[in-house]
Amino acid sequence: MVNLCGIFISWTMESVLEFTIFLGFLYWAFPGLFSEGFLRVNKMVDVVTARVFDTYNRYSPLNNNQNESLASLSTLKRFSKDQRLKKILSREADQKARDAQLFDIKENHPDVQLTRKRPFMGLSCQNCVLTSRESLVSRTTESLALRNILDYQLPQNKNGLLQRTLSHFYQVYELKKYDFPQVADLVLKDDRLKKAVEKMALQQFKDSDSNEEKYYQELVDRNGKRARKLLYDMRSTLSDFLLRFTSWVLYKLLPCFLTSVVVHPGQVEMLKKAGNSNLPLIFLPLHRSHLDYILISFILLNNDIRSPLVAAGDNLRIPFFGSLLRGLGAFFIKRRVDPVQGHKDLVYKAVLHTYMNYCLRAGHNMEFFLEGGRTRTGKPCMPKYGILSVIVETFLDGTIEDALLVPVSVNYEKLVDGNFVREQLGQPKEMETFTGAMKGIWHVLNSNYGMMRIDFNQPFSLRELVKTFNTSGKLPNGKKPTLTSKASTNSLYGTDVVSEDHKQLVESISKHIIYDCAQSTSVMSTNALAFLLLTKYREGASIKELVKAMDDLRNDLNYVRRDIGFSGDSIDVINYAVDMLGPALVQRLKVNNEVLLKPIATLPNVIELTYYSNTLVTHFALDSIVAVAIEALDKTSGNVVHQDLVDNVLELCDVFQYEFLFCKPCQSLEEVVMGCIDDLVYRKQIFLVVSY
Ligand SMILES: CCCCCCCCCCCCCCCC(=O)SCCNC(=O)CCNC(=O)[C@H](O)C(C)(C)COP(=O)(O)OP(=O)(O)OC[C@H]1O[C@@H](n2cnc3c(N)ncnc32)[C@H](O)[C@@H]1OP(=O)(O)O
């Protein structure tokens, strides 16, 4: 502090001038910063005031119920007098209300409403991994209530003055310490990598005109050096200190733009138990925003679960942020493995495969995004198979005994990384840069994204899944695979051909996981409103109509045990969602003294609204296809033949197979379609069933 004062006092005229020039430069470089400057200063003052009050509350007696902004000690005193008066008044009012209620209860029958139990999302598949499904979870785990992880609570017995003042610091200090071994040197010595280098050199040697031994050696050296460089560009330098420090910073920053980050403590409990099994956990989230991996690591770290290494596209290897991400667990992969001089890039594949192999063997957990990037439409993307094929291969060749796969679904009330409208209109993606990232962070910090929800599905054993697929032939084409543990001959590592069985297996696992994630994604208020407005009320609807439609939608979702990420009266939900979506997406009109909500269904705005709605479109995809198939049938006789309808639906499903995953790979699509028709007959009474 003394030093800091000294610095300011010792400022000369030159320093002042220099500082002014610096400010001038900032203004020139980032005019946006200054034009909105005052607004932001105001916001900042609000945040600081809120923090001061928050701190005051922590020191003051625990039940003082004060929740308004305070400025000075005298105001505080006056405030507590007012508070006391308010309390007395509210106690009296309470008393009166209770008396009146007691009278009502005596006179009338009470209107008892049963609160519906929230479904526990993400249990693993009972067809494929029954043993995993029965482990790690209990009735108590299931019935725990959702929790906002930004509300950090100190343990009961650790609630001293210092701990309360520096609660977040205390939290990160107390975290369990893990070792994060570095494996790069081991990778370079690995025989398989050396063989891939030689094989690549040999291919290049054969393509050349030379037949001198010396040239071949030169090629081996060149490829060896390339392997080293690829590895050092790729590797992660996960650091315990950096994780803790970032976690502390996040505790301070996240509340600036998120009202809550909601997780199910039961799911976290399952992960903790799985973490104690000494098997690597492989986290497989659906990718919506850059916040996904930040919050997943944040939650795991703060629950004493080993932080994972995360496969990051090398487009994120930008100055400063690249090194930061590397220290927080990122290992950088090429987003496309392109051929080198007309041949498959064996060296790169071998580096990636061997690196992942050693990381898993060293006990690291891993995380990667099966979709290979963020969804641009709000619908889950079809999976990419490269990284998962390495994990499966690492298990099949006996390097690891087993791995626990954890599908993760993430949803936001409001999309954090812009709206992808530019890209959806056909313009190329803007590449990540340092200034772009800084501007993005600044923008995010000054916005409100509402609530974020993360669902960790139940971890399941890769061994059990492979065994089930092996023994029951539950692959989509009904083909029985015969995969046995054997030396590595396929996947990303140094090969030209991936065996058909292995391909089928990896594809089925990937699709199963994407399907599971989509099923366990909870529906946000913004998804529900956008869906209703775009599919049912494109021309607008009164609040009353929307409330009725929202109630019906909630009932439908509850019936199929989809979790809804909001609660309360539908009218409040709608008003909240309208505010979150903003006037650029939903208009509030006043027609004949009635408020009408209307979607902006014109380009480009409709693209963003569709993004929100698509979370539910996936859910209703099969129902909609049945509806379209019924329309296409000949109904002149007044009847529809069941089998014709099923055939029509299957044909349409074939057309849409790259757009939606209609069922799990372990299910038969025909049976799922028949189930869907039966359900529509029973619940929506679309037909009267007649048998001849
Ligand atoms: C305290 C808090 C801290 C918080 C702070 C934490 C921050 C901590 C980290 C930050 C982290 C950032 C994270 C960013 C998020 C992304 O950057 S997402 C983007 C990057 N991630 C991914 O793309 C992962 C998924 N992608 C893949 O797996 C892709 O396959 C790859 C590996 C990128 C390659 O893609 P590709 O070149 O298009 O090739 P693809 O057709 O998929 O096949 C590649 C190979 O896989 C194999 N293969 C393909 N199909 C199959 C199959 N069916 N079966 C078996 N093998 C197959 C074959 O060997 C094939 O090679 P070929 O035989 O064709 O030569």
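Computation of the quantities below employed the complete heavy-atom set of this structure, encompassing side-chain atoms and omitting hydrogens, waters and symmetry-equivalent molecules. Numbering of ligands and ligand atoms starts at 1, following listing order.
The closest approach between K334 and ligand 1 falls below 4.0 Å for a heavy atom of the residue. Residue-ligand proximity: K349 is placed with a non-hydrogen atom under 4.0 Å from ligand 1.
Contact annotation for I387 and ligand 1: heavy atoms of both the backbone and the side chain come within less than 4.0 Å of the ligand. Counting heavy atoms closer than 4.0 Å to ligand 1, residue E371 contributes nothing at all.
Evaluated by nearest non-hydrogen atom to atom 26 (N) of ligand 1, the leading choice among E367, K384, K503 is K384. Of the candidates G372, G327, S307, it is G372 that places a heavy atom closest to atom 23 (O) of ligand 1. When the options L291, L295, I333 are ranked by their closest heavy atom to atom 22 (C) of ligand 1, first place goes to I333.
Counting the atoms of ligand 1 from 1 in the order shown, those under 4.0 Å from a heavy atom of L316 are 12 (C), 14 (C). Within the listing of ligand 1, atoms 11 (C), 12 (C), 13 (C), 17 (O) sit less than 4.0 angstrom from a heavy atom of A312. Near K344, meaning under 4.0 Å from one of its heavy atoms, ligand 1 places the atoms 62 (P), 63 (O), 65 (O). Annotation for ligand 1: atoms under 4.0 Å from non-hydrogen atoms of F298 are 2 (C). Listed by number with element, the atoms of ligand 1 under 4.0 angstrom from any heavy atom of L243 are 1 (C). In the vicinity of L301, heavy-atom distances shorter than 4.0 Å reach the ligand 1 atoms 1 (C).
By the 6.0 Å contact criterion, CZ on R306 is enclosed, its count of non-hydrogen atoms from other residues, nucleotides or ligands being greater than 12. The number of heavy-atom neighbours closer than 6.0 Å to CD of E430, taken from other residues, nucleotides and ligands shown, is 12 or below. Within a 6.0 Å sphere centred on NZ of K229, other residues, nucleotides and ligands contribute 12 heavy atoms or fewer.
For S132 against P459, the heavy-atom pair with the smallest separation is CB-O, 4.1 Å. Contact between W248 and F169 at its shortest, heavy atoms only, is CD1-N, 3.6 Å.
R463 places a side-chain N or O within donor-acceptor distance of the main-chain N or O of E401, the cut-off being under 3.5 Å.
Note: no N/O pair closer than 3.5 Å links F369 and ligand 1 by distance alone. The N/O atoms of G313, backbone and side chain alike, include one that comes under 3.5 Å of an N/O atom in ligand 1. The shortest N or O to N or O distance between V337 and ligand 1 is below 3.5 Å. At under 3.5 Å, not a single nitrogen or oxygen of S297, backbone or side chain, sits near a nitrogen or oxygen of ligand 1. Distances between N or O atoms of G386 and those of ligand 1 include at least one value under 3.5 Å.
Listed by first then second residue, pairs satisfying salt bridge (charged side-chain N to carboxylate O under 4.0 Å, His left out) with a partner in residues 442-457 read R453-D455, R453-D563, not counting sequence neighbours.
Side-chain polar atoms of N411 and N527 form a donor-acceptor pair below 3.5 angstrom.
Side-chain atoms of L186 and R361, non-hydrogen and from C-beta on, never get closer than 4.5 Å to each other. For the pair M234/Y348, a side-chain contact is recorded, criterion being any heavy-atom separation below 4.5 Å from C-beta on.
Considering only residues two or more places apart in sequence or on other chains, K177 meets the salt bridge (charged side-chain N to carboxylate O under 4.0 Å, His left out) condition with D240.
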